[in-house]
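Since the structure comes first, as structure tokens, the remarks are kept for the end.
Reminder, nothing fancy here: chain letters follow the sequence lines and each chain counts from 1. Here the structure is a predicted model, which is why all the values come from computation and not from measurement.
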Amino acid sequence: MNNNSLLHAAGLVLMVIIWIVLAVFLRNIQGKPFPYPWEAVMAIIHPGEASASIYLHMGASILRWGAGFGIAAILGCFMGIAMALSPKTGEIFSPLVHTLQLIPGLAWIPISLILFGLGNTATIFMIAVTAVSPVIINTRAGIREIDKSLIRAAKMMELSSYRTFFQVIIPGAAPSIVGGLRIASANGFRVLISAEMVVGTGIGLGYSLLQARWNLDYEAAFGTVIMIALIGLIFEKLVFYPLELMVRNRRGMA
Amino acid sequence: MKLEYSAVNHGFSGYAGTIPAVRNVNLSVDEGEFVVLLGPSGCGKSTLLNMAAGFIKPDEGEVLFSGKEIAGPGRERALVFQDSALMPWLSVEENILLAIGNRRLKFSQKRNAERLANEVTRVLDVVGLKGFNNAMPHELSVGMRQKVSIARGLIMEPQLLLMDEPFASLDEQTRLRLNREVVDIWIREPMTILFVTHSIQEALVVGTRIVLMSARPGCLISEWKLGSHGESGAERQRERLESSEYRDLSLELLNKMELCCPPESGCSTCLEKTR
Ligand SMILES: Nc1ncnc2c1ncn2[C@@H]1O[C@H](COP(=O)(O)OP(=O)(O)OP(=O)(O)O)[C@@H](O)[C@H]1O
Ligand SMILES: [Mg+2]
């Protein structure tokens, strides 16, 4: 554990070193205004007067992502469970879900603009619609792949259907469901940033990135990218890592 | 409390068409018996056991328990699975408690909790896993997992305990030890056991009767009554492994297992012999 944290930190340091070397090279030899890491960080702390604070952008983005991902998670779990428990439902929706998975998030821009116009709802829709299919697919697969003899054991013990569902089926499918949520969260996050660049309404990390480009404010642009990465990292460490530990370690999966 | 197979036929349809799995099986297991079903791999032993457990309905014939046709799985017929089938996310204790979860609500909460804890301790003691309440299944050896699976069966207080090659994946030493322990459990806890194995030695050291099955499609070739030797599993095992009578029987079983029912001749020959 501790060793791994050290290695992770070493990776980060290495990345910063590469960045600095790259910046030195690009600035001095090619004359490009490539910012140093500290300049990007300063841009986060002291944004230009014209732009809203990076924290506002961040808050708006996280809210949108949370809403879109939340919808996808709830809807996806329900759909996945329904499709696994009722084979007919599964077969009806399976082509739909697999097709949905192939559509890149940005392809939804025209549709979401027609449906919702510019703004929050359009962004949230795009996040939800790209995040929902991995949740459905993994939930369904997780339930269908539960060891048949565990289901038989539940029948032998005459567990009520309530107990079978909550104490056998859901925990049995949990590792796969968590995996699906993880993919969904990443998909949603990526779409979020792009969507904000197109259908956003003056606030959000994606919008801030775009604004920095217009202003030729490279420090701010890099700062925003750092924030985006940081949010992803924090989510990974605070939400999915513990969740995964919970469902995998307890049953001895590495 | 009798288990009866009468004129049972069953086949499975799959990619290779419909394959007959068991043919014309007639078998009755009386209360308190410890019957061993011996046969080569793929002969339909699990199929027969799953019928008794209520997971499979025979295509033809019927399987009766206490005179009634078996309609589905039931707590009075516990099954110890070939692969133990413990919930990997539950501790040993939680796995065992799951088997009596349905009875939980009938008692007042606190007295109930105490009673349940005592019961878990008791069955873990019976299978020799005292103190392993909080271990997770993946922390146990295969043999220990099978013991937990047996404990889970015992706590259901079944009338019939069905065991599907419970020790097939163990080394011979461990298997012989667990064989002794199963006999001890059977001596202590009054119940009927139907025990499936493909090992002649295992068949010889545990039960009170051996029923030999032919290769697929399985039919019953012949049976041998062994009588209940010994006051304990250890005694029974020693007596049987040492006696020349059992050595002869072992050879006979081996010959029958190999000679009877070559696949091309079908089953008709041995059916007539049994009749
Ligand atoms: N679900 C199934 N679908 C198709 N065929 C099956 C199925 N289950 C069993 N069979 C067939 O029925 C036959 C008997 O299977 P069964 O599992 O009862 O054998 P077994 O005696 O328990 O074998 P083993 O000792 O390997 O466990 C096998 O030869 C197999 O081909
Ligand atoms: Mg089998």
Under 4.5 Å heavy-atom distance to chain B, tell me which part of Val168(A) shows up: side chain, backbone, both or neither.
both
Given Gln82(B), Met136(B), Arg77(B), the one with more heavy-atom pairs under 4.5 angstrom with chain A than any other is Met136(B)
Hey, does Leu79(B) have a side-chain heavy atom less than 4.5 Å from the side chain of Arg152(A)?
no
Identify which part of Met87(B) has an atom lying under 4.5 Å from any heavy atom of chain A, answering side chain, backbone, both or neither.
both
Check each atom of Arg152(B) against the heavy atoms of chain A and say whether the ones under 4.5 Å are side chain, backbone, both or neither.
side chain
Side-chain heavy-atom pair Met156(A), Met156(B) within 4.5 angstrom cut-off:
yes
Looking only at heavy atoms, which two atoms of Phe81(B) and Ala153(A) are closest? And how far apart?
CZ-N, 3.6 Å
Write out, in numerical order, the residues from residues 134-150 of chain A with a heavy atom short of 4.5 Å from a heavy atom in chain B.
Asp147(A), Ser149(A), Leu150(A)
Residue set satisfying side-chain hydrogen bond (donor to acceptor under 3.5 Å, both in side chains) with Glu4(B), at least two apart, ordered chain then number -> none
Does a sphere of radius 6.0 Å around CZ in Phe116(A) hold more than 12 heavy atoms from other residues, nucleotides or ligands, not counting ones at 6.0 Å or beyond?
yes
Identify, with sequence neighbours excluded, every residue that meets side-chain hydrogen bond (donor to acceptor under 3.5 Å, both in side chains) alongside Arg190(A).
none
Are there over 12 heavy-atom neighbours, none belonging to Lys57(B), within less than 6.0 Å of that residue's NZ?
yes
Residue part contacting chain A, namely of Glu139(B), when any heavy atom lies under 4.5 Å:
neither
Matching residue for Trp89(B) among Arg251(A), Gln167(A), Arg248(A) - test: side-chain contact (heavy atoms from CB on, under 4.5 Å):
Arg251(A)
Around atom CZ of Phe12(B), are there more than 12 heavy atoms from other residues, nucleotides or ligands closer than 6.0 Å?
yes
Answer yes or no: is there a donor N or O on one side and an acceptor on the other, between the side chain of Arg75(B) and the main chain of Met157(A), under 3.5 Å?
yes
List for me each residue that meets side-chain hydrogen bond (donor to acceptor under 3.5 Å, both in side chains) alongside Ser28(B), sequence neighbours excluded, and say none if there are none.
none
